[in-house]
Visitor: 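A single structure is presented below for examination.
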Amino acid sequence: MKGCMVDEKAQGEERILDGQREITKLCIECGLLLLQHGAESMLVEQLTTRLGIALGATQVDSAISSNSIVLTTIIDGRCLTSTRRIIDRGINMHVVTEVQHAVILVEHHLLDCKQLQKKLAGIKPLRYPRWLMVVMVALSCACFSSLNGGGWESAVITFMASGCAMYIRQILTSHQINPLINFCITAFVATSVSGLLLKVPYLNVTETIAMAASVLLLVPGFPLINAVADMFKGHVNTGIARWMMASLLTLATCIGVVLAMIIWNLREWA
């Protein structure tokens with residue numbers, strides 16, 4: 001009889017431990033999805049904590065770095081820690097919004113652990129058609145050119161150059177080329193196309209704002225915003241890492257622009 005009671009107690013503790021493992025796994029999967037798709041560190045910390053408490057944890061602590069996340073759940077005095085490596089999947093606010101929605105559903109007891117796991121596994125990044133991205137980015141750069149004093153010729157040159165550059169950027173991204181090399185090649189293409197078009201006799205009187213506007217698509221605005229937000233909200237190390245990455249992307253863009261100007265002897269921008 002005593003042996004049976006001991007076995008039942010051990011089985012009960014094992015079930016509790018399995019439940020904590022499941023909660024820890026779901027919390028860190030939530031944080032991983034957010035970080036992989038561009039969420040700021042404070043949002044990740046808040047959502048993982050809210051999710052863990054909604055699932056029954058007493059306390060949830062997380063430590064976020066530039067390429068990893070460490071998360072600990074505490075239930076009935078037991079600590080369980082998990083670590084995952086962050087692989088950048090590209091900025092996608094659709095994923096971030098879907099994860100937030102899932103956490104809210106759990107807080108309102110509309111999802112249990114199994115349903116949440118299924119929902120997280122079913123979240124896929126929303127991708128617009130390639131042609132639509134090329135057209136919209138080209139239009140935005142052309143509008144920037146017009147707003148800064150460029151005529152319709154300048155807008156046309158910017159549209160063509162930025163459209164070609166965006167297409168090349170998407171091709172390089174699909175082949176998982178290093179982002180720094182990607183930005184450098186894209187900037188080279190954008191500057192080359194716009195600069196060479198400016199040498200066409202009919203277009204050589206066009207404002208040179210076209211060369212600057214054609215590389216507007218490479219401005220790392222979102223990483224810089226996240227970097228500042230992280231540093232202001234206490235995640236200094238992560239903020240500095242993001243700031244450095246954004247700075248390196250900017251440097252890669254400048255290298256591509258300068259290479260194009262040297263190779264094709266483009267003096268218009270200078």
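As the structure is a computational prediction, the values presented were derived from the model and not from experiment. Numbering of residues begins at 1 and proceeds along the displayed sequence.
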Visitor: What distance do C143 atom SG and L216 atom CG have between them, rounded to the nearest 0.5 Å?
Guide: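 So the SG of C143 and the CG of L216 are separated by 11.0 Å.
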Visitor: Starting from L80, can I reach I69 by hopping between I/L/V/M/F/W/Y residues whose side chains sit under 4.5 Å apart?
Guide: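 Result: no, two separate clusters.
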Visitor: To the closest 0.5 Å, what do you measure between CG (D61) and CD1 (I74)?
Guide: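 Taking CG in D61 and CD1 in I74, the distance rounds to 5.5 Å.
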Visitor: Rounded at 0.5 Å granularity, tell me how far CD in E29 sits from SG in C27.
Guide: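 Answer rounded to 0.5 Å: 10.5 Å.
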Visitor: Quick one: closest heavy-atom pair of A142 and T158, and the distance?
Guide: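 Minimum heavy-atom contact is N-CG2, 3.7 Å.
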Visitor: In Å, rounded to the nearest 0.5 Å, how long is the span from OG1 of T253 to CG of L248?
Guide: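 Rounded to the nearest 0.5 Å, the OG1-CG separation comes out at 10.5 Å.
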Visitor: Do M244 and S66 come within less than 4.5 Å of each other through their side chains, counting heavy atoms only?
Guide: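 No, every pair of side-chain atoms sits at 4.5 Å or beyond.
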Visitor: With a 4.5 Å heavy-atom cut-off, do Q115 and L105 have their side chains touching?
Guide: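 Side-chain contact under 4.5 Å: no.
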Visitor: Does the pair D18/R15 count as a salt bridge with the N-to-O cut at 4.0 Å?
Guide: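 Here D18 does not pair with R15 in a salt bridge, since their nearest N and O are not under 4.0 Å apart.
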Visitor: Given the rule in the side-chain contact (heavy atoms from CB on, under 4.5 Å) test, do L43 and V96 qualify, once you have shown the distances and angles that lead to the verdict?
Guide: CA-CA 10 Å; L43 178 64; V96 176; 3.9 Å; yes
Visitor: Test side-chain contact (heavy atoms from CB on, under 4.5 Å) on E40 and H235; report intermediate values, then the result.
Guide: CA-CA 9 Å; E40 63 174 275; H235 295 271; over 6 Å; no
Visitor: Is S65 close to N237 at the side-chain level, that is, under 4.5 Å between some pair of heavy atoms?
Guide: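 They are not in contact (no side-chain heavy atoms under 4.5 Å apart), so the answer is no.
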Visitor: Is N182 reaching over with its side chain to a backbone N or O of L172, donor-acceptor style, under 3.5 angstrom?
Guide: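 Side chain of N182 to backbone of L172: no pair is present.
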Visitor: Can E98 and K119 be said to form a side-chain contact (heavy atoms from CB on, under 4.5 Å), step by step?
Guide: CA-CA 9 Å; E98 286 296 309; K119 185 172 180 62; 4.0 Å; yes
Visitor: Whether the side chain of S154 engages the backbone of G151 through a donor-acceptor N/O pair (distance < 3.5 Å, no angle test) should be reported.
Guide: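 Not confirmed, S154 side chain does not pair with G151 backbone.
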Visitor: Just how far is it from atom CG of L116 to atom CD1 of I23, taken to the nearest 0.5 Å?
Guide: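 Spacing of CG (L116) from CD1 (I23) equals 10.5 Å.
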Visitor: If hydrophobic clusters are built from ILVMFWY residues whose side chains come within less than 4.5 Å, do V134 and W131 share one?
Guide: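 Yes, same cluster.
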Visitor: Examine distances only and state if a side-chain atom of R169 and a backbone atom of L217 form a donor-acceptor pair shorter than 3.5 Å.
Guide: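 Present.
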Visitor: Atom OG1 of T48 and atom CG of L32: how far apart are they, to the nearest 0.5 Å?
Guide: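 Here the rounded value is 11.5 Å.
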Visitor: Check whether any side-chain heavy atom of M231 lies under 4.5 Å from a side-chain heavy atom of W243, and answer yes or no.
Guide: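 Side chain of M231 against side chain of W243, heavy atoms only: contact under 4.5 Å found.
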Visitor: Do Q117 and K25 pass the side-chain contact (heavy atoms from CB on, under 4.5 Å) test, and can you show the C-alpha distance, the side-chain angles, and the key distance before you say yes or no?
Guide: CA-CA 9 Å; Q117 186 174 13; K25 179 182 176 183; 3.5 Å; yes
